Amino acid sequence: MRHLLTLPALALAACTQPAGRSPEPHARTGALELIQEVEVHRPGGLAEPMLVESPSGAIFVSGYNRQFPVLWKSTDLGATWRSVDVGTSTNGAVGNSDVSLAAAPDGTIYFAVMTYNSAAHEGVQIAVGVSRDLGASWHWETVSRARYDDRPWIAVAPNGTAHLIWNDGTGVLHSTSRDHGMTWTPPVHIHDRGGSSHMVIGPSGQIAVRIAPGARSGFVCDTTTDLVALSTDDGATWRKVKAPGTGRTPGCADDGEIPRWVDPLAFDRTGTLYALWTDSSGVVLGRAGRDPSRWTTWRLVRRTASEPIAFYPYLAARGNGELAATWMLMTPDTLHWRAANIVVRGDGSAPDVKLSAPIPLEAFWAGKPIPGGEYLATAILRDGSIGVVTPLLNPTKRRGGFVWRRFR
């Protein structure tokens, strides 16, 4: 978690830099069609929501509400939602901050939640809830109870092993469970610096962890740490390569630069690894080659006088080179965001990109626009549509919860 109620003192004027030599994609603005929009209300709102679709097609959404773990479920592609009883603190259901959701191939749902001490401004615990019956019952385990615990991510390999990462100011830690979350291995460092920016697992069990400068709830900024850690042996060993898009400012301090926190990764079904990031000249997609230290990059959206500064991206993949992305837009009065469908072909040509129109983000604090999180979670669903969940935080109008949208 980092403080989400303010953004760095970022000027809304144009910010430009050389665009690089990547070929321009075939962007078709406005071609991504919004087909569903559903508001789910909850007093107090829901910050930084996360979603996952189970193999059965049930969709789960969570986020943090500064009180206790909360979860919703839909079995009709988001048309209706119901609250899920995940248990209480007496059986270990504890957490009030960052969340992560994952679905195993056998349908097991994993729900990682961080506990944040707002008085001390530090994380203090990482707990994981597991359901093997689509949310009807839950088993909870506390994986870490350490000062400065921050930003957990959970994902499940094809062999059923659950992988959990987080950071605590001493680097990025990793723990696994091979028994559906009943027990977890003692945490081991993947890297001794940086923050747990993101984690994904590929179709052959390969793990990619994005380690970025920001850590310990934003109070540590390891400016020299910007890498991708890769494992092909269930996390026993790691190879570390330079991250794409380096050369950007760290973005983790309120220094007037474009904010960064989650630098998302995604594997498609062929095992190709992708990365998405923003800089002062636009939105950039990277694809790793057979040598993961070499990346091909394309600028998806170029920063212009009429195109606002983009920040806080998110990325998902499902098919062969088929990606979905979101990012926020630095617009005055009310922040906006875009969704994108991206198709990357194997011939090296520029991707095809379909963009949504800019959409207002209804998130405010004391009348001022806030991002309400460091990403807008998205997924390519089984029916081929793109699902996006955004925070709904508008205390002035007494509106809180989340908004579910689908695009095609």
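Please read these numbers as outputs of a predicted model, since none were measured by experiment.
Every residue meeting the salt bridge (charged side-chain N to carboxylate O under 4.0 Å, His left out) condition with R239, not counting sequence neighbours, appears here in chain and number order: D291. Judged as a side-chain hydrogen bond (donor to acceptor under 3.5 Å, both in side chains), and not counting sequence neighbours, the contacts of T88 are T90. Looking at residues two or more places apart in sequence or on another chain, you find no salt bridge (charged side-chain N to carboxylate O under 4.0 Å, His left out) involving D149.
Counted by atom type alone, T170 and H189 present one or more donor-acceptor pairs between their side chains at under 3.5 Å. Between the side chains of S231 and D233, at least one donor-acceptor pair of N or O atoms lies under 3.5 Å. If you check the side chains of T304 and R302, you find no donor sitting under 3.5 Å from an acceptor. Side chain to side chain, S281 and R299 meet the donor-acceptor criterion of an N or O pair below 3.5 Å. Residues S177 and D179 bring a donor and an acceptor atom of their side chains to less than 3.5 Å of each other.
Note: H121 and F219 have tilted aromatic rings, judged against thresholds of 30 and 60 degrees for the angle between ring planes.
Under a 4.0 Å N-O distance rule, the pair D268/R287 does not qualify as a salt bridge. The pair E39-R399 counts as a salt bridge, with a side-chain nitrogen and a carboxylate oxygen less than 4.0 angstrom apart.
Paired with D226 under the rule salt bridge (charged side-chain N to carboxylate O under 4.0 Å, His left out), one option of K242, R193, R210 passes, and it is R210. For the side chain to side chain contact (heavy atoms under 4.5 Å, CB included) with V113, the lone residue among W140, F68, Y64 that qualifies is W140.
For the atom pair T334 OG1 and L329 CG, the distance stands at 12.5 Å (nearest 0.5 Å). Taking CD1 of I258 as the reference point, atom CE of M330 lies at 8.0 Å (rounded to 0.5 Å). Annotation: the span from I359 atom CD1 to W337 atom CH2 amounts to 4.0 Å, rounded to 0.5 Å. Expressed to the nearest 0.5 Å, how far CD1 of I35 lies from CZ of R408 amounts to 5.0 Å.
Centroid-to-centroid, the aromatic rings of Y375 and W261 stay 6.0 Å apart or farther.
Of all heavy-atom pairs between I342 and A325, the closest is CD1-CB, 4.0 Å.
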Residue pair S131, D133: steps toward the side chain to side chain donor-acceptor pair (under 3.5 Å) verdict:
CA-CA 6 Å; S131 176; D133 49 18; 2.9 Å; yes
Give the intermediate values and the outcome of side-chain contact (heavy atoms from CB on, under 4.5 Å) for residues V200 and L315.
CA-CA 11 Å; V200 290; L315 184 66; over 6 Å; no
